[in-house]
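Read through the structure below, which is laid out as structure tokens, and then see the notes.
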Protein chains: 2
Amino acid sequence: MAPLSKEQFEAQRQASKMKIIVVALELFSKKGFINTSINDIAKTANISKGLMYNYFESKDVLLEECLKMVLEGVVGGIQAATQIKNPEERLEFLIRTSFDMLKENPHIWKMFVSLSLQLDKESASYRILNEYWSQLFKNAVSIFKEMGYEDYEERAFRYGAMMDGLAMQYILLGEENILFDKTLQGAINIYCYNK
Amino acid sequence: MAPLSKEQFEAQRQASKMKIIVVALELFSKKGFINTSINDIAKTANISKGLMYNYFESKDVLLEECLKMVLEGVVGGIQAATQIKNPEERLEFLIRTSFDMLKENPHIWKMFVSLSLQLDKESASYRILNEYWSQLFKNAVSIFKEMGYEDYEERAFRYGAMMDGLAMQYILLGEENILFDKTLQGAINIYCYNK
DNA sequence: TACCTTTGACCAACCGTTCAGTCATAAATA
DNA sequence: TATTTATGACTGAACGGTTGGTCAAAGGTA
């Protein structure tokens, strides 16, 4: 049993880190990154400020790890799309699951936008976010190409703008707006099935 | 000359305030509201910190006055649209002048979005911004109604989403993207002339 | 003199970060 | 088994720095 203990320690450590990340994500997304202090996080997680720095070397690194974790979840959620052969259906699946996630956790997506706007473009966190958006766009381009459109890049750009815009509307106005779902369905009809 | 002096003082005071507002807007939009200190503004404006508080009772009030001033300019810029009888042409004018302003001063619009996301919803500044967006939406609704569409509200919403999305793309990716102008022209064709 | 603008030293509060030191527990030793 | 030693999670006071905001005093003008 003795030889296992080291790995057990590591597992315990990972679990503790995860607990902190969950709390930090909650606070970052609700109050904003800048407006959340290390003290806030430590208090909410019921640990000391010092322990925070045992696990994460700085507030910035903590943010990085938060982003990595949550984006891993997002990527995992839309991974199933690769199974879908038909590009039209694949795109519809992507749109629907993306907006399901947005509706389930609007604060997180609000945080993504907020960070994209306020982070230093050279920071690691910004790069992580940027990498994700780039992948999304490239994916859309290849789908429209697969659909056989000649103007696939332009289409992907227009599609991206509409998705961003709809997401912004949801983030800023909230669900109360009845027009949202109707417009989303309309967008699916247009971009997936061109009708 | 003596009887005028009071008004002259007031005019002088307004001029000084305006000078501070211009500097503050520059810094707020380039570094972000939270990351700009009163000291930064005072130094850049070549005045003392104390004098700042002679003119503006707090940093929040300064932001309010900045927003009021810049939005006044924006409203003034699109005011000419009311002269255009034809709703299709009026909408095209609105879109073009809006994006001209965005291109001329992307930092300012980035600031608008950033503030909308991070300000307390009860704050005066948030209300000022919100009021402006509401007016834009209502205006779009009435234009589409005037055009004779039955689904004018839904159309206005979709239009708003596309405009927001395009603006976000521009703010985040910058002008380098060749697809932007093409997509904007496409949006004008679709939303103004339904082709 | 009297009245204003303007200054910049000053304040308390808060920030991210550090670090000397505590303590329960596990490993090693006898 | 009993005792010592080593580990690393954990604490919280303290640090240097920055913040928004205040105020007594100096400067300018009439």
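What you see below is based on every heavy atom in this structure, not just the backbone, and it leaves out hydrogens, waters and symmetry mates. Chain A is the first sequence line, chain B the second, and so forth, proteins listed ahead of strands; every chain is numbered from 1. From a predicted model like this one, the values you see are computed outputs, not experimental measurements.
- B:Asp40 and B:Ser37 form a side-chain donor-acceptor contact under 3.5 Å, judged by distance and modelled atom types alone.
- Considering every non-hydrogen atom in both B:Ile47 and B:Ile20, the closest pair reads CD1-CD1, 3.6 Å.
- Using bins of under 30°, 30° to 60° and over 60° for the plane-to-plane angle, the ring pair B:Phe112/B:Trp133 lands in the perpendicular bin.
- At least one test fails for B:Lys19 against the ring of B:Tyr55: distance under 6.0 Å to the centre or angle within 45° of the axis.
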Ignoring hydrogens and angles, write down the donor-acceptor pairs under 3.5 Å from the side chains of residues 159-170 of chain A, residues two or more places apart or on other chains.
from, atom 1, to, atom 2, distance (Å)
A:Asp164, OD2, B:Gln169, NE2, 3.4
A:Gln169, NE2, B:Asp164, OD2, 3.4
A:Tyr170, OH, A:Glu175, OE1, 3.2

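- For B:Tyr193 and B:Glu92, the side-chain atoms include at least one donor-acceptor pair closer than 3.5 Å.
- Remark: A:Thr36, A:Ser37, A:Ile38, A:Lys49, A:Gly50, A:Tyr53 in residues 29-57 of chain A come within less than 4.0 Å of DNA chain C through at least one heavy atom.
- End-to-end axis angle for the helix from C:dT1-D:dA30 to C:dA30-D:dT1, using five pairs per end and rounding to 10°, comes out at 20°.
- Tracing side-chain contacts under 4.5 Å through hydrophobic residues (I, L, V, M, F, W, Y), one reaches A:Met69 starting from A:Ile108; they form part of the same cluster.
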